[in-house]
Amino acid sequence: MLCTRAAARLGSVLTTSGLVAHQTYTHRVAAAAAVRFTEQCRLCSTGVVDSPGKTTKQATEDGSILKRVLNKVGFTPNTKARLKVTSHLLYESVADKINYVAFFRDFNLPNTFNSWFLVTELHVWLLMLRSMAEGSETGEDGRFLRNCIVEAMWGDVNTRAKKLGANNPSQTRKQIETLSEQFQAALIAYDEGIMSDDRVLASALWRRFFEMDCEDYAQIERLVKYVRKQALMLDSLSRDQFITKPNVAWHDLDKCKVDA
């Protein structure tokens with residue numbers, strides 16, 4: 001675009017060249033430019049242009065660059081990097097928001113590392129269950145998210161175990177290997193339970209969560225109700241609430257009671 005200074009120079013050149021017939025036209029161009037060009041000129045510090053806006057081509061190029069940058073750092077909802085970030089946020093919703101003390105108190109669990117893992121394992125399994133409902137028709141995104149959640153859990157387990165067993169790392173390693181085997185078995189039992197009736201789910205919880213050491217049927221019934229309630233809550237979350245902007249509001253165990 002021409003600025004007012006350029007228009008004035010053009011008028012001067014045309015007049016000097018003897019093109020008097022165009023003088024009136026040139027003055028009109030200059031006058032129109034003075035009125036129309038009201039924005040700061042990018043090529044001349046004192047001139048003005050009609051708009052600092054970018055051309056369509058420039059805007060498209062800038063949009064493409066921005067899209068590439070967002071894809072690179074993982075801020076688009078469908079990238080592996082974004083899913084990995086989401087997995088850690090979902091795991092943190094368990095580690096930071098679940099009231100472990102309430103579980104230890106209400107289900108007569110000792111305040112130990114193993115009890116902490118049993119509670120964490122149960123909620124991580126619920127997240128894994130919900131994750132598999134996400135992704136493409138092949139479930140690729142869901143499987144990737146599920147695996148990343150498990151990876152985040154084991155990272156936390158290793159960190160906590162090392163702090164507790166700093167004086168005996170070999171024993172700590174063996175205990176984690178044992179937990180890993182138990183975790184795989186628990187997933188199978190819980191999956192079977194959630195797809196069956198409450199009796200099958202209660203049996204799975206009694207064997208794993210209570211470690212076959214609970215004679216209070218009311219406690220088992222309460223935990224079954226709690227698991228069903230959490231599963232329904234997770235199932236009601238949209239993709240945006242679960243992946244794009246994770247917002248898992250776990251139900252409070254204290255508010256999950258069974259009828260006397």
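Applying the side-chain contact (heavy atoms from CB on, under 4.5 Å) criterion to Thr159, with sequence neighbours excluded, gives Lys163. In this structure, the side-chain hydrogen bond (donor to acceptor under 3.5 Å, both in side chains) partners of Arg160, at least two apart in sequence or on a different chain, are Asp156. The side-chain contact (heavy atoms from CB on, under 4.5 Å) search around Asn247 returns none, not counting sequence neighbours. Evaluation of the side-chain contact (heavy atoms from CB on, under 4.5 Å) rule for Thr178 yields Gln182 as partners, not counting sequence neighbours. Annotation: salt bridge (charged side-chain N to carboxylate O under 4.0 Å, His left out) contacts of Asp197 (sequence neighbours excluded): Arg199. Considering only residues two or more places apart in sequence or on other chains, Ser238 meets the side-chain contact (heavy atoms from CB on, under 4.5 Å) condition with Asp240, Gln241. Residues meeting the ring pair (Phe, Tyr, Trp, His ring centres under 6.0 Å) test with Phe209, sequence neighbours left out: Phe107. Judged as a salt bridge (charged side-chain N to carboxylate O under 4.0 Å, His left out), and not counting sequence neighbours, Asp96 has no contacts.
Without hydrogens or angle criteria, Ser93 side chain to Leu90 main chain gives a donor-acceptor distance under 3.5 Å. The closest donor-acceptor contact from the side chain of Thr172 to the backbone of Lys162 lies at 3.5 Å or more, if one exists at all. Side-chain atoms of Ser131 come within 3.5 Å of backbone atoms of Leu127 as a donor-acceptor pair (strictly under, hydrogens ignored). Judged by distance alone, the side chain of Ser180 and the main-chain N or O of Ile176 form no donor-acceptor pair under 3.5 Å.
Within the structure, ring pair (Phe, Tyr, Trp, His ring centres under 6.0 Å) contacts touching residues 172-192 (residues at least two apart or in different chains) are Trp125-Tyr190, Trp154-Phe183. For residues 200-213, the pairs satisfying salt bridge (charged side-chain N to carboxylate O under 4.0 Å, His left out) are Glu121-Arg208, with sequence neighbours left out.
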Contacts table for residues 218-228: side-chain donor-acceptor under 3.5 angstrom, sequence neighbours left out:
unit_1 : atom_1 : unit_2 : atom_2 : d
Gln219 : NE2    : Asp106 : O      : 3.1
Arg222 : NE     : Cys256 : O      : 2.8
Arg222 : NH1    : Asp106 : OD2    : 3.1
Arg222 : NH2    : Asp106 : OD2    : 3.1
Arg222 : NH2    : Leu253 : O      : 2.8
Lys225 : NZ     : Lys257 : O      : 2.6
Tyr226 : OH     : His123 : NE2    : 2.7
Tyr226 : OH     : Gln230 : NE2    : 2.8
Arg228 : NE     : Asp198 : OD1    : 3.0
Arg228 : NH1    : Ile194 : O      : 3.0
Arg228 : NH2    : Ser196 : O      : 2.9
Arg228 : NH2    : Asp198 : OD1    : 3.2

May I have the list of side-chain donor-acceptor pairs in residues 145-152 shorter than 3.5 Å, sequence neighbours left out?
unit_1 : atom_1 : unit_2 : atom_2 : d
Asn147 : ND2    : Arg143 : O      : 3.3
Glu151 : OE1    : Lys84  : NZ     : 3.4
Glu151 : OE2    : Lys84  : NZ     : 3.3

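Side-chain atoms of Val94 and Val248, non-hydrogen and from C-beta on, never get closer than 4.5 Å to each other. Side-chain contact between Leu234 and Leu237: present, with at least one pair of heavy atoms (C-beta onward) separated by less than 4.5 Å. Put simply, the side chain of Phe210 does not reach to within 4.5 Å of the side chain of Glu215, judged on heavy atoms.
Pairing each heavy atom of Arg130 with each of Arg239, the nearest pair is NH2-N, 4.3 Å. Residues Leu109 and Ser115 share a closest heavy-atom pair of CB-OG, 3.9 Å. The two atoms that bring Leu89 and Arg82 nearest to each other are CD1-NH2, 4.0 Å, heavy atoms only. Asp141 and Lys80 make their closest contact through OD1-NZ, 4.3 Å (heavy atoms, listed as atom of the first residue, atom of the second, distance).
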Stepwise side-chain hydrogen bond (donor to acceptor under 3.5 Å, both in side chains) check, Thr120 with Tyr91: CA-CA 9 Å; Thr120 301; Tyr91 175 74; 5.0 Å; no
